[in-house]
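Here's the structure, in structure tokens; my notes come after.
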Amino acid sequence: MTELTFEQSLARLEEIVRVLERNDLDLEAALRLFEEGISHLRTAGSALKTVDARVQQLVEAADGSFSVVELGA
């Protein structure tokens with residue numbers, strides 16, 4: 001399976017939720033979808049953590065300009 005973007009993972013999660021909410025799946029199919037959903041949730045969560053770390057690196061200067069602070073600096 002190729003790695004999906006955050007947006008693709010989120011879209012797939014929404015699709016999985018819609019299918020699971022229909023309540024017309026057998027238990028095994030529902031479990032497989034649930035497991036896939038967990039995988040997409042982890043992928044999306046990891047992407048959000050990465051973006052959060054980058055945002056936290058932004059530092060606003062007194063003149064209102066922004067600069068990026070390197071990690072470990």
Side-chain angles (χ1 to χ4, degrees):
M1 186 166 129
T2 61
E3 188 156 336
L4 301 178
T5 65
F6 171 80
E7 291 80 6
Q8 291 169 324
S9 289
L10 193 58
R12 181 60 181 144
L13 272 169
E14 291 171 349
E15 182 180 339
I16 288 169
V17 168
R18 281 193 299 275
V19 171
L20 289 173
E21 286 178 337
R22 290 194 323 233
N23 294 321
D24 63 351
L25 296 174
D26 63 58
L27 184 58
E28 284 301 316
L31 181 58
R32 281 192 303 275
L33 277 177
F34 181 78
E35 289 172 339
E36 181 187 346
I38 294 298
S39 175
H40 289 295
L41 184 62
R42 288 181 179 145
T43 298
S46 177
L48 285 175
K49 285 181 185 178
T50 300
V51 169
D52 184 53
R54 289 178 62 194
V55 168
Q56 289 181 21
Q57 293 175 29
L58 281 174
V59 177
E60 185 174 2
D63 66 359
S65 65
F66 290 91
S67 62
V68 175
V69 176
E70 294 296 323
L71 288 176

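Since the model is a prediction, treat every value here as computed from it, not as a measurement.
- Each salt bridge (Lys or Arg N to Asp or Glu O under 4.0 Å) pair with one or both residues in residues 7-18, not counting sequence neighbours, appears once here: R12-E15, R12-E36.
- The main-chain N or O of S39 is found under 3.5 Å from a side-chain atom of T43 such that the two form a donor-acceptor pair.
- When hydrophobic side chains of Ile, Leu, Val, Met, Phe, Trp and Tyr are connected at separations under 4.5 Å, L10 ends up clustered with F6, L48.
- Going from atom CG of L31 over to atom CG of L25 covers 11.0 Å, rounded to the nearest 0.5 Å.
- In this view, L13 and H40, L41 satisfy the side-chain contact (heavy atoms from CB on, under 4.5 Å) rule, not counting sequence neighbours.
- Of all heavy-atom pairs between D24 and V19, the closest is OD1-O, 4.3 Å.
- A distance of 6.5 Å separates CG in D26 from CZ in R32, rounded to the nearest 0.5 Å.
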